Asks: 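Handing you this structure, nothing more for now.
Since the model is a prediction, treat every value here as computed from it, not as a measurement.
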Number of protein chains: 2
Amino acid sequence: MELFFSALADRTRLRLINLMGSDELCVCFFVEVLGTNQPKISRHLAYLRNAGLVEPRREGKWMHYKVVEPSDPHAAHVFSEVRAWLTEDPEMRRDRERLIKVCCAPQPPVLIQGAPKPASLTA
Amino acid sequence: MELFFSALADRTRLRLINLMGSDELCVCFFVEVLGTNQPKISRHLAYLRNAGLVEPRREGKWMHYKVVEPSDPHAAHVFSEVRAWLTEDPEMRRDRERLIKVCCAPQPPVLIQGAPKPASLTA
DNA sequence: CGCTCGCATTCGCTAAAGCGAATATGATTT
DNA sequence: AAATCATATTCGCTTTAGCGAATGCGAGCG
């Protein structure tokens with residue numbers, strides 16, 4: 001229970017959860033959108049993984065992360081409400097817009113060239 | 001938002017919130033039931049106060065604390081779900097039973113003799 | 001098969017959290 | 001007014017969290 005809330009008690013991790021939305025997302029997009037270094041992202045994703053809030057999937061050399069529903073019903077309920085909460089935060093909104101912009105750019109940033117785009121944006 | 005979750009990311013603070021339930025409670029009861037020193041309780045109550053989750057009320061030399069509904073609707077929703085969650089935790093359950101036992105004892109512990117009992121137990 | 005690419009982990013370091021012991025504060029009692 | 005009581009705060013310390021820089025590692029590519 002404390003682990004669960006500790007995982008949510010950090011802005012970077014909240015931003016990661018927000019960016020995943022309901023799809024999985026490639027790590028390089030997190031790095032690009034949050035505009036920070038890669039080890040930082042990776043560490044926070046590991047934190048979320050240990051807390052059981054997120055699951056990785058390998059696709060060639062790329063790693064994708066997606067949000068996973070907690071097994072405990074109360075945790076699940078709280079978590080889904082938190083994700084709805086994120087939707088209304090201004091910074092979170094900006095992050096999501098930035099993700100779209102980055103994906104759809106005719107000349108995408110070097111960091112994400114060739115990376116598998118999120119399914120929700122290619123469909 | 002991080003402040004909110006940080007406040008919940010500590011077992012002692014969760015136990016305090018749990019003990020308040022829906023009534024206000026005198027500080028000395030927290031000390032007695034958690035079986036720890038007084039400054040520790042006081043510091044954690046201050047933390048909850050700063051996070052806006054709790055409100056103090058003075059009654060003579062006694063201080064009472066009660067849970068307060070967060071102004072943000074999302075926070076309020078999450079918070080109430082968290083409090084329901086606490087209800088089912090074994091340690092939290094034991095704490096509440098211990099509170100009742102301590103209040104109703106014919107010879108209460110010295111620490112709480114003369115302290116105003118929680119309204120829910122005197123009614 | 002060596003090289004690069006994407007990501008994970010390790011390494012020092014700094015900052016913050018939590019703790020018990022001691023002390024301060026503010027209200028009551030004597 | 002002094003002593004006492006309930007609570008808050010401060011102090012010094014230890015532990016933990018978060019950071020950037022550097023390094024490790026598995027998967028694809030030349």
Asks: What is the distance from CZ of R43(B) to C1' of dG12(D), rounded to the nearest Å?
Replies: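 It works out to 12 Å between those atoms.
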Asks: Just do the side-chain contact (heavy atoms from CB on, under 4.5 Å) check on L53(A) and L8(A) with the steps written out, would you?
Replies: CA-CA 10 Å; L53(A) 297 184; L8(A) 300 177; 4.1 Å; yes
Asks: Give a yes/no verdict on a cation-pi contact between R13(B) and Y47(B), requiring under 6.0 Å between NZ or CZ and the six-membered ring centre and an angle within 45° of the axis.
Replies: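 Yes, R13(B) and Y47(B) form such a contact.
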Asks: Would you call the rings of W85(A) and F4(B) parallel, tilted or perpendicular, where under 30° means parallel and over 60° means perpendicular?
Replies: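 Rings of W85(A) and F4(B): perpendicular, as their planes differ by over 60°.
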Asks: Could you check E59(A) against W62(B) and say which one's nearest nucleotide on DNA chain D is further toward the 5' end?
Replies: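 Final value for this comparison: W62(B).
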Asks: Check each residue of residues 2-31 of chain B for a non-hydrogen atom within less than 4.0 Å of any atom in DNA chain C, then write out the ones that pass by number, or none.
Replies: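 The answer is D10(B), R13(B).
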Asks: So, taking the atom named CZ in R98(A) and the one named CG in D95(A), what distance separates them when rounded to the nearest 0.5 Å?
Replies: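 Reported value, rounded in 0.5 Å steps: 8.0 Å.
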Asks: Starting at the 5' end of DNA chain C, which residue's closest nucleotide do you reach first, P39(B) or H44(B)?
Replies: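 Closest to the 5' end, via its nearest nucleotide, is H44(B).
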Asks: Is K61(B) close enough to dC5(D) that one of its side-chain N or O atoms is under 4.0 Å from OP1 or OP2 there?
Replies: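 False: K61(B) side-chain N/O out of range (4.0 Å or more) of dC5(D) OP1/OP2.
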Asks: Before accepting this row, confirm whether a basic side-chain N of the pair R57(A)/E59(A) lies closer than 4.0 Å to the acidic partner's carboxylate O.
Replies: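 Yes, charged N to carboxylate O under 4.0 Å.
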Asks: State plainly whether the residues E81(B) and R83(B) are in salt-bridge range, i.e. N to O under 4.0 Å.
Replies: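 No, E81(B) and R83(B) are not salt-bridged.
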Asks: Side-chain donor or acceptor of Q38(B) under 3.5 Å from a matching atom on the base of dA6(D)?
Replies: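 It does not, because no donor-acceptor pair links the side chain of Q38(B) to the base of dA6(D) below 3.5 Å.
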Asks: OH of Y47(B) versus P of dC19(C): gap in Å, rounded?
Replies: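 In whole Å, dC19(C) P and Y47(B) OH are 12 Å from each other.
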